[in-house]
Amino acid sequence: MAMTSLRATGLRKTFPGVVALDGVDLALHGGSVHALIGANGAGKSTLIKILTGYYDAYEGQIEINGRPVAIRRPADAFRAGIEVVHQEVDTTLVPYLSAAENLLIEQLAAPGSGLFIRKQALYRQAQQIVDELGLEIDVRAQAADLSLPQKQLLVIARAVSRRAPFLILDEPTAALSIRDAERLFEIMRELKQRGVAFLYVSHRLAEIQEIADEVTVLRNGQKVAHFAREAFDIAKGVEAMLGTPPGELYPKRQPAAERRLVMEVRGLCWGARLKDISFDVYQGEVLGIAGLTGAGKTELLRVLFGCEQPDRGEIHLNGKPVRFRLPKDAVRHGVYLIPEDRRNLGLLVEEPVRMNVTLPFIRDFSRLGFMRPSKEYARVLQLMDRLKLVPRKPDLPAKHLSGGNQQKVVVGKWLFGAPVVILFDEATQGIDVGAKRELYAIMRDLARSAAVIFASSDIDEVLGVADRVLVMRDGQFVGEFEAEQADRQAVMRLAASTVHVRS
C-alpha cells in the first residue's frame, strides 16, 4: 500500500450557542498512529464525525494526499478510504444477523448475492478473517448473543478487513481484556507496516504512551497541545486535558471507623461461569475484583443483584440469609448495581436525567399515585450539584450527556436510596480522567457508610481504588491481596494463570 496522508485544517463546528470545534488542525500519515485525547466534551467526537461525514455543515478543509476532498456524507468518507470503529458498537451491528453476516455485510447488499445458497461460503470467509486476526469469535452466532468485548472485536475485524488506508479507532479497548487489547496493538503494528494511518482515541493514557507516534490534545473544542512520541508522558497529557496540574487520581484510603461485616457469600455456583465463590465484604471498605474480560466478574455481580439465579450457594446480608429472585428484591435490601453496559442496562437514554435518577425510588416522589414535581426537581438539582453533573438541566435527555456525566447519572440514582452494598462493574469504561477522578471520590465517599465491590479488568485501577483485592479467573477466585501490598505483576500473573495465592 502506498504511503497516504490526510490533513485537516481549521476545522470548526458550531451548534446553537455552542462552539464544539474551533479551528482545529490535524494530520494523519501512513504507517503512523496519531492519538487524540481530551476530556469528555473536548470535541473529539465532533472531529471524528466531521472526518467520517456525519456532519455536512462545518468550516475548514480536508485534504487526502494533497488534494482537497469534500466529506459531507458517510459515503464520501467511505470512498475516501476512511473507516471508523465507534465506541458504541451496538449502533453499527445488525443484532439479528450472524457475526459472519455483520462482518461481510457489503456482500449481502450486493446484487445477486444469493445469500441462502452461499451462506456456508460466507461462514468460511468470515472464519478465515477471524483466524487471520487471531480473534475468538463464533462467526455463526447472532450478533445480539455476543458479549460486549466480542462485539467490539467484530467491528474492529470488519474495519480491518476492508483494507482502508485510514482507520479511526474510538475507545477500541474500552471493553477489551488486556489480552485482547494486546492483540489489537499487534494488529495495528502489522497494519502500520502496510502503510495504514491511524487516528486513535482513548482515555487510557498508558496505552496512548505505548501505541502512539504523536498525540494531539483537545480542550473545550480547541487544540491545546501536540506531542511527539518521545515528548509525551501521562502527567503532561493530563495537565493539557484538564488545564491544571493533574494531582492525585485515586483518593486516599481512609481507615474505617467501624469495620462491620455486611455481606457473606459462600459456595456460590452458576453453571460453568461461577465455581464455588466465597468471600466477605465489610462496611467501610472498597473490595476490588480484578480479572481479565470473561473471568466471571460481570456474572458474579449479576447474581448478587438478582439478575441471575445461582445453582448453589448462600448469600447473607447483615447476618441474615437472602435470596434475590429479581433485581427489585436486591434494591429493597439496599444492594445496587452500576452495570458494565451503561447505555443499554443503566440508562433510559431517550428520557430526561430527572426520570433516570428518580425512577428506582419513584414512590418517594409521588403521592396517591401522582408525581410531586416540586419535590422531584429540588432533590434532582441537589443531586446534580453533589455529583458536579453538567449541564445542570434535569429535563435534558440522558443521551445528550457526555459519557462521564451519563455514568454519574447511573451512580447518582442510587444515592436516593439507603445503600448497603454497591456493585461497580467496569464503571469507568469510556470516561475521561477527570470524570474518573470524580467517580473514584464518590465511590470512596459511599464506602464510609456502605460496602463497595469494584470489579474491573484494569489492574492498575483496581489497585489504585481498592482496600483489598480478589483476583478472578475462569469463574473462580485465584488470589487475595491487601491492595497496598499487592504487586501489579503478581496480580497480572494470577489473572492469566491457574495458580492460587492468598496473602
Side-chain angles (χ1 to χ4, degrees), residues 3-11 20-52 60 62 82 84-87 165-174 176 181-182 184-189 191-193 195-247 249 402-404 428-437 458 460:
M3 296 298 283
T4 55
S5 67
L6 181 153
R7 185 174 299 276
T9 307
L11 294 184
L21 209 62
D22 190 6
V24 170
D25 300 337
L26 184 80
L28 307 181
H29 303 285
S32 179
V33 176
H34 193 142
L36 183 67
I37 64 175
N40 290 116
K44 304 186 303 297
S45 295
T46 302
L47 177 56
I48 290 173
K49 288 178 179 178
I50 289 175
L51 294 178
T52 53
I62 300 172
I82 301 172
V84 60
V85 176
H86 292 287
Q87 180 181 354
F166 304 101
L167 278 181
I168 301 175
L169 303 181
D170 186 7
E171 295 288 349
T173 62
L176 299 186
E182 285 298 328
L184 171 62
F185 296 157
E186 290 174 9
I187 292 169
M188 291 176 66
R189 293 184 185 105
L191 293 177
K192 281 175 61 177
Q193 295 299 315
V196 174
F198 288 92
L199 180 61
Y200 190 89
V201 183
S202 178
H203 291 304
R204 296 183 173 182
L205 299 187
E207 67 186 30
I208 293 291
Q209 202 166 25
E210 176 181 351
I211 198 69
D213 298 295
E214 56 183 317
V215 181
T216 289
V217 186
L218 298 184
R219 186 173 73 244
N220 297 328
Q222 297 181 326
K223 179 178 177 178
V224 296
H226 178 269
F227 300 95
R229 177 183 180 88
E230 58 273 11
F232 178 78
D233 64 43
I234 292 175
K236 289 179 181 177
V238 173
E239 183 168 357
M241 288 168 60
L242 302 181
T244 60
L249 177 59
S402 67
T428 63
Q429 281 187 5
I431 66 176
D432 66 63
V433 65
K436 286 181 181 180
R437 186 162 54 187
D458 186 331
D460 294 319

Calculate, to the nearest 0.5 Å, the distance between atoms [atom1] and [atom2] belonging to [X] and [Y] respectively.
{"X": "L205", "Y": "K236", "atom1": "CG", "atom2": "NZ", "answer": "14.0 Å"}
{"X": "R229", "Y": "D213", "atom1": "CZ", "atom2": "CG", "answer": "6.0 Å"}
{"X": "I168", "Y": "H34", "atom1": "CD1", "atom2": "NE2", "answer": "11.5 Å"}
{"X": "H29", "Y": "K192", "atom1": "NE2", "atom2": "NZ", "answer": "13.0 Å"}
{"X": "D25", "Y": "K223", "atom1": "CG", "atom2": "NZ", "answer": "5.5 Å"}
{"X": "L21", "Y": "Q222", "atom1": "CG", "atom2": "CD", "answer": "9.5 Å"}

4.5 Å side-chain heavy-atom contact, [X] and [Y]:
{"X": "D458", "Y": "T428", "answer": "no"}
{"X": "R204", "Y": "Q209", "answer": "no"}
{"X": "R437", "Y": "L242", "answer": "yes"}
{"X": "L26", "Y": "L11", "answer": "no"}
{"X": "I37", "Y": "F232", "answer": "yes"}
{"X": "I62", "Y": "I50", "answer": "yes"}
{"X": "M188", "Y": "L169", "answer": "yes"}
{"X": "H86", "Y": "K49", "answer": "no"}

If every non-hydrogen atom of [X] is compared with every non-hydrogen atom of [Y], which pair is closest and at what distance?
{"X": "T46", "Y": "A20", "value": "OG1-CB, 3.7 Å"}
{"X": "P172", "Y": "Y200", "value": "CG-CE1, 3.4 Å"}
{"X": "I82", "Y": "L51", "value": "CD1-O, 3.5 Å"}
{"X": "A240", "Y": "A225", "value": "CB-CB, 4.0 Å"}
{"X": "T173", "Y": "A181", "value": "CG2-CB, 3.9 Å"}
{"X": "G221", "Y": "V24", "value": "O-CG2, 3.5 Å"}

Quick one: does any side-chain atom of [X] pair with a main-chain N or O of [Y] as donor and acceptor, under 3.5 Å?
{"X": "D170", "Y": "V85", "result": "no"}
{"X": "K44", "Y": "L36", "result": "no"}
{"X": "R219", "Y": "A39", "result": "no"}
{"X": "E171", "Y": "H203", "result": "yes"}

- Task: Please determine if E210 and R189 form a salt bridge, counting it only when a charged side-chain N lies under 4.0 Å from a carboxylate O.
- Result: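 Yes, this pair counts.
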- Exceeds 12 heavy-atom contacts within 6.0 angstrom, atom CG of D460: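 Above 12, so yes.
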- Item | Option passing side-chain contact (heavy atoms from CB on, under 4.5 Å) with F198 (candidates L28, L191, I211) |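 Of the listed residues L28, L191, I211, the side-chain contact (heavy atoms from CB on, under 4.5 Å) partner of F198 is L191.
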